[in-house]
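Some notes on the structure that comes next.
The structure presented is a predicted model; accordingly, all values stated were derived computationally and were not measured. Scope of the values below: all heavy atoms of this structure, side chains included, with no hydrogens, waters or symmetry mates.
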Amino acid sequence: METTIRKRHDILEELVDSSQSKPDLVSQMDLSRSTIDRGVNELLEHDCITRSGSTYEATETGRLAIREYERYLRFVETIKASPKILNEVPTNTFDTVFLRDADFDLVDDQQPWAVLEKSTELMKNAKSLKGTVPVIFQRHFADLTDSFDTGKEVELIWDNSLYHSLSEEMQEMIATFQEYDQATMYRTDLTDSYAIWILDSPEGNHASIAVFTNGGIRGIIRNDTRAAVDWALSQYEQRKESAVSITSRHTHNCS
């Protein structure tokens with residue numbers, strides 16, 4: 001069946017929308033009659049189409065098969081379009097569910113900060129956000145703190161070594177952050193090469209993965225499907241389990 005769908009998906013696609021005869025298929029697809037005959041017979045053999053008189057149409061099996069086949073092709077195209085990001089992400093820590101139907105923001109070497117524009121816009125409009133901070137860009141953190149007057153709830157998990165090595169200027173920004181009533185911070189050991197962000201916005205939930213290298217940010221993967229958001233949230237919660245709370249007065253286990 002797999003081979004048949006791969007070889008005959010074009011015929012099956014034609015029969016998903018409407019029933020057609022073999023002459024109709026020859027006319028519509030500009031294929032020879034012998035090719036249509038072989039394709040129709042193979043699809044009939046696997047119950048992907050059914051015959052009614054002289055016409056054929058897709059079965060529910062055929063509709064499901066072609067939908068999943070097209071989904072697979074989209075996924076392959078996604079991977080082909082984004083190796084600069086994906087090659088920096090360890091596959092054993094990253095679920096491909098996050099890549100399905102995702103948007104990719106790639107770094108432009110001439111304007112490296114432009115890659116953050118869409119994510120910053122989503123962040124500013126969000127009602128709440130959660131994120132891990134394995135690395136920090138002062139400019140991006142400033143955009144976050146500037147959006148506090150919108151009343152959003154913010155929760156961040158910092159990498160331990162990063163948190164203890166912050167510059168004076170960043171420490172002052174964090175002190176301002178800690179004064180914000182709806183902000184909470186934690187710290188733990190983050191070994192990821194990417195940051196995880198989950199945003200609740202008026203347009204719905206969004207999740208982002210910001211991928212980093214030693215040279216800086218490599219790109220951002222954004223996804224608003226429920227499966228992707230659920231995966232990102234589960235990854236965030238796993239990291240939070242080992243984290244301790246950071247406050248301006250004392251530190252204690254987040255549990």
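- Residues His9 and Glu70 are not in side-chain contact: their nearest non-hydrogen atoms beyond the backbone lie 4.5 Å or more apart.
- Between Leu12 and Gly62, the shortest heavy-atom contact is CD2-O, 3.5 Å.
- Counting only heavy atoms from C-beta outward, the side chains of Leu43 and Thr4 approach each other to under 4.5 Å.
- Within the 4.5 Å cutoff, the side chain of Asp10 has heavy atoms near those of the Leu31 side chain.
- When every heavy atom of Pro134 is checked against every heavy atom of Ala195, the shortest pair comes out as CD-CB, 3.7 Å.
- With contacts defined as side-chain heavy-atom distances shorter than 4.5 Å, the pair Thr35/Met29 does not qualify.
- Separation of atoms CG (Asp200) and NZ (Lys127) is listed at 4.5 Å; rounding is to 0.5 Å.
- Applying the side chain to side chain donor-acceptor pair (under 3.5 Å) rule to pairs touching residues 55-66 yields nothing, sequence neighbours excluded.
- Atoms CG and CG, on Leu129 and Leu199 in that order, are 5.0 Å from each other to the nearest 0.5 Å.
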Verdict with reasoning, Arg187 to Val244, per side-chain contact (heavy atoms from CB on, under 4.5 Å) = CA-CA 6 Å; Arg187 59 179 176 82; Val244 294; 3.6 Å; yes
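- Smallest separation of non-hydrogen atoms from Ala228 and Asn223: CB-CG, 3.4 Å.
- No side-chain donor-acceptor contact under 3.5 Å links Ser21 and Ser54.
- Here the side chain of Asp159 pairs a donor or acceptor atom with the backbone of Leu190 at under 3.5 angstrom.
- The stretch residues 14-37 participates, sequence neighbours left out, in no ring pair (Phe, Tyr, Trp, His ring centres under 6.0 Å) pair at all.
- Taking the six-membered ring for Trp and thresholds of 30 and 60 degrees, Phe98 and Trp231 have ring planes inclined between 30 and 60 degrees apart.
- The backbone N or O of Ile196 lies less than 3.5 Å from a partner atom in the side chain of Thr132, making a donor-acceptor pair.
- Residues forming a salt bridge (charged side-chain N to carboxylate O under 4.0 Å, His left out) with Arg38 (at least two apart in sequence, or on another chain): none.
- Under the 4.5 Å side-chain criterion, counting only non-hydrogen atoms from C-beta, Gln235 is not in contact with Asp192.
- Contacts of His46 classified as ring pair (Phe, Tyr, Trp, His ring centres under 6.0 Å), with partners at least two apart in sequence or in another chain: none.
- In this structure, the side chain to side chain contact (heavy atoms under 4.5 Å, CB included) partners of Glu237, at least two apart in sequence or on a different chain, are Lys130, Leu233, Lys240.
- Taken from CD1 in Ile209 to CG in Leu99, the straight-line distance is 9.5 Å, to the nearest 0.5 Å.
- Defined by atom type and a distance below 3.5 Å, a donor-acceptor pair is missing between the side-chain atoms of Asp24 and Ser27.
- With a 6.0 Å radius and a threshold of 12 heavy atoms from other residues, nucleotides or ligands, Glu2 has its CD atom at or below the threshold.
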Going through the distances and angles, do Leu166 and Trp158 end up as a side-chain contact (heavy atoms from CB on, under 4.5 Å)?
-> CA-CA 11 Å; Leu166 292 172; Trp158 290 77; 4.0 Å; yes
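- For the pair Ser208 and Ile220, the tightest heavy-atom approach, listed with the atom from each and the gap, is CB-CG2, 4.3 Å.
- Residues Met1 and Ile5 are in side-chain contact: their nearest non-hydrogen atoms beyond the backbone lie under 4.5 Å apart.
- Qualifying side-chain hydrogen bond (donor to acceptor under 3.5 Å, both in side chains) partners for Asp103, counting only residues two or more places apart in sequence or in other chains: none.
- The closest side-chain heavy-atom distance from Thr225 to Arg100 is not below 4.5 Å.
- Ile66 and Leu64 fall into different hydrophobic clusters, where Ile, Leu, Val, Met, Phe, Trp and Tyr side chains are chained together by heavy-atom contacts under 4.5 Å.
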From CA spacing to verdict: side-chain contact (heavy atoms from CB on, under 4.5 Å), Ile198, Asn205 | CA-CA 7 Å; Ile198 303 101; Asn205 293 335; 5.6 Å; no
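- Across every non-hydrogen atom of Ile157 and Ala243, the tightest pair is CG2-CB, 4.4 Å.
- Looking at Gln20, its side chain does come within 3.5 Å of a backbone N or O of Glu14 through a donor-acceptor pair.
- Under the 3.5 Å distance criterion, the side-chain polar atoms of Arg51 are matched with a main-chain donor or acceptor of Gly53.
- Atom-to-atom distance recorded for Arg8:CZ and Tyr69:OH is 12.0 Å, nearest 0.5 angstrom.
- Of all the heavy atoms in Ile11 and Gly39, the pair that sits closest is CD1-CA, 3.8 Å.
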Could you walk me through whether Ser245 and Tyr186 pass the side-chain contact (heavy atoms from CB on, under 4.5 Å) test, one step at a time?
-> CA-CA 4 Å; Ser245 178; Tyr186 303 95; 3.9 Å; yes
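- Using a 4.5 Å cut-off on side-chain heavy atoms (C-beta onward), Leu25 and Leu15 make contact.
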